[in-house]
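Read the structure below first, then the notes.
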Amino acid sequence: MSVDRHLAEIAREYPKWTIWRSDAGRWWATRHHPLDAAQREAGCATTIDADDPDDLRDQLRDQEERTGRRAGPAPP
């Protein structure tokens with residue numbers, strides 16, 4: 001699967017994050033909104049990185065669980 005397709009799929013799965021791949025080949029995600037105190041206390045990160053798209057998905061899933069939110073469409 002192409003990099004662009006992976007990026008598009010992950011962005012669709014996690015609409016509250018900006019997803020990109022660096023020139024060095026790392027996969028990154030940054031939240032659209034700042035964390036509150038409870039989220040920081042729960043171990044949430046503003047930005048995460050991974051070696052590959054599967055690892056990024058795993059980390060995003062973990063981050064969503066930590067915030068008590070599930071992946072899905074952004075609210076209207």
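Ion pairing between a basic and an acidic side chain is recognised when a charged N comes within 4.0 Å of a carboxylate O; Glu9 and Arg5 show such pairing. A salt bridge does not link Arg40 to Asp36: none of the charged side-chain nitrogens sits closer than 4.0 Å to a carboxylate oxygen.
Tested against Arg61, the residues Glu64, Gln59, Glu65 include a single side-chain contact (heavy atoms from CB on, under 4.5 Å) partner, Glu65.
The backbone N or O of Trp27 lies less than 3.5 Å from no partner atom in the side chain of Arg21, so there is not a single donor-acceptor pair. In terms of modelled atom types and a separation under 3.5 Å, the side chain of Arg31 and the main chain of Thr47 share no donor-acceptor contact.
Residue His33 qualifies as open at atom NE2: its count of foreign heavy atoms under 6.0 Å is 12 or below.
To the nearest 0.5 Å, atom CG of residue Leu35 and atom OG1 of residue Thr46 are 4.0 Å apart. A distance of 10.5 Å separates CG in Asp51 from CG in Leu56, rounded to the nearest 0.5 Å. Atoms CG and OG1, from Leu7 and Thr18 in turn, are 11.5 Å apart once rounded to the nearest 0.5 Å. Residue Trp28 holds its CH2 atom at 12.5 Å from CD1 of Ile19, rounded to the nearest 0.5 Å.
The shortest heavy-atom contact between Arg66 and Cys44 is CB-SG, 3.6 Å.
When side chains are defined from C-beta on, Trp17 counts as touching Ile48, because their heavy atoms get closer than 4.5 Å.
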| said: Between Gln63 and Lys16, does the side chain to side chain contact (heavy atoms under 4.5 Å, CB included) criterion hold? Intermediate values first, please. | reply: CA-CA 11 Å; Gln63 288 293 307; Lys16 297 173 186 158; over 6 Å; no
